[in-house]
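Structure first, then comments.
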Amino acid sequence: MKKILVTGDFELPNIDCDLGYELVHLKTPKSEIDVLNHLKDCCGYILGGPEFLSSEMISQLPKLKCLAVMGTGTNSFVDIKAAKKYGLVVKNTPAMNADAVAEFTLAQIINSLSHVFYSVNELKNGTSWYQGQRKSLKDA
């Protein structure tokens, strides 16, 4: 049976049907060697963690044919030139976590507008505690 390695600190859903592949989930790889050892017998890799697939690693993985990065910026996670050289197909998931990124951005804007960072700094310094009236978002 063909194997696909999935990395990332999340839970995989239970799949009831036999797809002809065995999913191997490595939540938190200990090292580059840990990832490499798990990939030795895999034909696919779904990269969901912070690891980087270097040229040296790719050269040691002749069975690996396809890699999908969970997110964008594939060159941050895999040596693209080496992938092409060794015939490794690299894909990404550009809409992955788009809502979470938008929510985080909005939260940062709200924090900035409400002087949270200023208040924390002044409180830590013992100089003041910002208690002024805060602007609403429509007034910012």
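Quantities reported herein were computed from a predicted structural model and do not represent experimental measurements.
- Taking both residues in full, the closest heavy atoms of G48 and E51 are given as N-OE2, 4.3 Å, listed atom of the first, atom of the second, then distance.
- For T93 (side chain) and V69 (main-chain N/O), a donor-acceptor pair under 3.5 Å exists by modelled atom type.
- Between L53 and L88 there is a side-chain heavy-atom pair separated by less than 4.5 Å.
- Looking at L61 and Y45, their side chains never come closer than 4.5 Å, going by heavy atoms from C-beta outward.
- Under a hydrophobic clustering in which Ile, Leu, Val, Met, Phe, Trp and Tyr are joined whenever their side-chain heavy atoms come within less than 4.5 Å, directly or via other members, Y21 and M70 fall into the same cluster.
- A 6.0 Å sphere centred on NZ of K40 holds more than 12 heavy atoms belonging to other residues, nucleotides or ligands.
- A distance of 11.5 Å separates CE in M1 from SG in C43, rounded to the nearest 0.5 Å.
- We find the CD-CG distance between Q60 and N37 to be 9.5 Å, quoted to the nearest 0.5 Å.
- Remark: D9 CG to L26 CG distance equals 10.5 Å, nearest 0.5 Å.
- Residue D34 comes nearest to P29 through the heavy atom pair OD2-CA, 3.5 Å, listed as atom of the first residue, atom of the second, then distance.
- For E56, the CD atom is loosely surrounded, since the number of other residues' heavy atoms within 6.0 Å does not exceed 12.
- Of the candidates L47, T74, N92, L39, L67 forms a side chain to side chain contact (heavy atoms under 4.5 Å, CB included) with just one, namely L47.
- Residues V35 and M57 meet the side-chain proximity criterion, which asks for heavy atoms closer than 4.5 Å.
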| request: Output, in order, the C-alpha distance, side-chain angles, deciding distance and verdict of side chain to side chain contact (heavy atoms under 4.5 Å, CB included) for K2 and K63. | output: CA-CA 10 Å; K2 293 182 178 182; K63 291 183 181 180; over 6 Å; no

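- At least one side-chain heavy atom of H25 sits under 4.5 Å from a side-chain heavy atom of F10.
- Linking Ile, Leu, Val, Met, Phe, Trp and Tyr residues whenever their side-chain heavy atoms come within less than 4.5 Å places Y86 and F77 in a single cluster.
- In this structure, SG in C66 is found 7.5 Å from NZ in K91, a value given to the nearest 0.5 Å.
- In the displayed structure, K85 atom NZ is contacted under 6.0 Å by at most 12 heavy atoms of other residues, nucleotides or ligands.
- Taking a 6.0 Å sphere around CZ of F104, one finds it holds 12 or fewer heavy atoms contributed by other residues, nucleotides or ligands.
- Contact of the L5 side chain with the L64 side chain is not registered, since no non-hydrogen atoms from C-beta on lie closer than 4.5 Å.
- Both L12 and I4 belong to a single network of hydrophobic side chains, linked directly or stepwise wherever heavy atoms of I, L, V, M, F, W or Y lie under 4.5 Å apart.
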